[in-house]
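The structure appears right after this line, and notes come after that.
Note that ligands are numbered from 1 as they come in the structure, with each ligand's atoms numbered from 1 the same way. This is a predicted model, so every value here is computed, not measured.
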Amino acid sequence: MSALSDIASGAEFPAFQPGSVWLVGAGPGDPGLLTLHALHALKSADVVVYDALVSPQILAWANPAAEQIYAGKRGGKPSPKQGDISLRLIALARDGKRVLRLKGGDPFVFGRGGEEALALVAAGIRFRIVPGITAGIGGLAYAGIPVTHRDITHSVTFLTGHDQSGATPSQIDWPAIARACPVLVLYMAIKHIGEIAGHLLGNGRSADEPVAVVVNATLPEMQVLETTLGRVADDIVAHDIQPPAIICIGQNASLRLALEWQSGNGPRKLNPLAE
Ligand code: SAH
């Protein structure tokens with residue numbers, strides 16, 4: 001790690017200016033999936049404002065002198081209001097701090113990074129965006145699921161399972177999604193999967209369609225539930241699946257039968273698509 005630390009604090013990286021905020025993705029969990037820009041930011045920041053899904057090992061790489069502020073949801077307590085987090089970032093930057101806002105996955109994928117960046121713009125604070133590996137791509141890869149595959153998936157659709165009110169997103173056009181989107185990658189969808197699956201089945205998707213639920217993706221405790229669209233809601237309850245989990249609905253989910261590489265068990269089928 002020390003060699004990497006040297007790289008990340010080196011001159012070839014952009015200087016983290018006092019009074020600025022960097023919105024940085026920490027990836028889905030495995031510390032090895034952090035970018036060098038993110039590592040450089042951790043080494044340089046005066047204060048790290050982090051979310052619930054950021055691994056402790058990643059936070060351990062922060063400059064020991066940096067203040068660490070938790071801004072996520074914990075133990076069912078209400079999460080800090082988004083506006084309050086943005087105001088805090090602005091106040092810290094105005095104090096002359098190098099402010100690292102560290103988020104799980106990618107800051108611009110269901111991470112409210114856009115909202116925080118807009119608040120920084122309105123306040124006249126300089127900022128930088130450091131993308132991260134999003135759970136819906138990297139997490140699936142750890143489960144042996146390519147998010148696209150040439151013959152079967154011409155598009156991928158990322159969906160959130162709940163909106164700000166906690167309900168399933170009311171604006172989603174389910175008939176259109178069911179018809180036109182061969183691969184669906186669902187974030188934050190464990191609670192409402194029954195309703196979501198019902199919309200898809202009711203609009204023509206097959207109950208046999210492969211589904212993978214990847215829990216704690218990329219972490220040592222990762223679990224993968226292999227199921228179908230018809231069974232996914234019941235199976236999630238039966239296996240007591242808890243967030244964080246990514247749900248992949250589509251034929252590509254079956255590629256795991258050949259491409260699962262984490263278990264060390266080898267392929268169960270050489271080409272699941274050939275059948
Ligand atoms: N910005 C993040 C997403 C934040 S929303 C990203 O790009 O990945 C939080 C949701 O992300 C969780 O409810 C879950 O659906 C998904 N997620 C994040 N990390 C995960 C992980 N390690 N394993 C499975 N799902 C994860």
Side-chain angles (χ1 to χ4, degrees), residues 22-35 37-38 49-59 70-76 79-80 82 85 100-117 129-145 147 156-169 172 183-197 211-227 232-233 236 239-250 253 256 260 262:
W22 285 20
L23 294 168
V24 176
D30 179 347
L33 296 178
L34 204 67
T35 65
H37 276 307
V49 182
Y50 65 99
D51 274 349
L53 291 174
V54 175
S55 295
Q57 295 115 294
I58 289 175
L59 286 171
Y70 180 71
K73 205 185 271 190
R74 190 181 271 164
S79 49
Q82 187 58 44
I85 296 173
L100 167 52
R101 176 69 174 116
L102 193 59
K103 292 165 172 289
D106 184 283
F108 276 1
V109 179
F110 301 128
R112 300 188 177 176
E115 287 162 64
E116 290 174 17
I129 309 295
V130 178
I133 293 180
T134 189
I137 297 177
L140 294 185
Y142 268 49
I145 300 172
V147 77
V156 180
T157 304
F158 297 107
L159 285 172
T160 169
H162 64 73
D163 61 20
Q164 283 169 348
S165 68
T168 45
I172 288 184
V183 174
L184 302 173
V185 178
L186 307 179
Y187 292 70
M188 296 175 278
I190 292 296
K191 194 163 156 206
H192 294 296
I193 187 63
E195 190 181 337
I196 293 167
V211 173
V213 182
V214 188
V215 191
N216 288 314
T218 81
L219 293 165
E221 58 271 27
M222 180 169 101
Q223 285 179 294
V224 184
L225 173 69
E226 296 169 11
T227 179
V232 59
I236 280 179
H239 290 86
D240 192 24
I241 300 285
Q242 301 294 329
I246 280 287
I247 303 178
C248 176
I249 302 172
R256 173 175 159 77
E260 175 187 357
Q262 282 254 304

In ligand 1, which numbered atoms sit nearer than 4.0 Å to a non-hydrogen atom of [X]?
| X | value |
| --- | --- |
| Leu53 | 9 (C), 18 (C), 19 (N) |
| Val214 | 24 (C) |
| Asp106 | 1 (N), 6 (C), 7 (O) |
| Tyr187 | 3 (C), 6 (C), 8 (O), 11 (O), 15 (O), 16 (C) |
| Asn216 | 22 (N), 23 (N), 24 (C) |

#### Entry: Pro243 contact mode with ligand 1 (heavy-atom cut-off under 4.0 Å)
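Pro243 to ligand 1: no contact under 4.0 Å from either part.
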### Query
What residues, two or more places apart in sequence or in another chain, satisfy salt bridge (charged side-chain N to carboxylate O under 4.0 Å, His left out) together with Glu195?
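Expected list: none.
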Looking at [atom], what's its closest protein heavy atom, distance included?
| atom | answer |
| --- | --- |
| atom 13 (O) of ligand 1 | Met188 CG, 3.2 Å |
| atom 22 (N) of ligand 1 | Pro28 O, 2.8 Å |
| atom 21 (C) of ligand 1 | Ala217 N, 3.6 Å |
| atom 5 (S) of ligand 1 | Phe110 O, 3.4 Å |
| atom 3 (C) of ligand 1 | Val109 O, 3.5 Å |
| atom 14 (C) of ligand 1 | Ala245 O, 3.4 Å |

Donor-acceptor contact present, side-chain [X] to main-chain [Y], <3.5 Å:
| X | Y | value |
| --- | --- | --- |
| Thr227 | Val211 | no |
| Ser55 | Gly29 | yes |
| Lys103 | Gly25 | no |
| Thr134 | Ile137 | no |
| Tyr50 | Leu59 | no |

### Query
Heavy-atom distance to atom 20 (C) of ligand 1: which of Gly136, Pro107, Ala135 wins?
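Ranked by closest heavy atom to atom 20 (C) of ligand 1, first place is Ala135.
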Using heavy atoms and a 4.0 Å limit, tell me yes or no: is [X] in contact with ligand 1?
| X | result |
| --- | --- |
| Gly139 | no |
| Ile246 | yes |
| Gly104 | yes |

Enter the distance from [X]:[atom1] to [Y]:[atom2] here, rounded to the nearest 0.5 Å.
| X | Y | atom1 | atom2 | answer |
| --- | --- | --- | --- | --- |
| Ile190 | Ile193 | CD1 | CD1 | 7.0 Å |
| Asn216 | Ile241 | CG | CD1 | 9.5 Å |
| Asp106 | Ile129 | CG | CD1 | 9.0 Å |
| Leu100 | Leu23 | CG | CG | 9.0 Å |

### Task
Can you sort out the partners of Asp51 under side chain to side chain donor-acceptor pair (under 3.5 Å), two or more places apart, ordered by chain and number?
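Partners of Asp51 under the side chain to side chain donor-acceptor pair (under 3.5 Å) test: Arg101.
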### Message
If you measure every N or O of Thr134 against every N or O of ligand 1, does any of those distances drop under 3.5 Å?
### Response
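In this structure, Thr134 places an N or O atom under 3.5 Å from an N or O of ligand 1.
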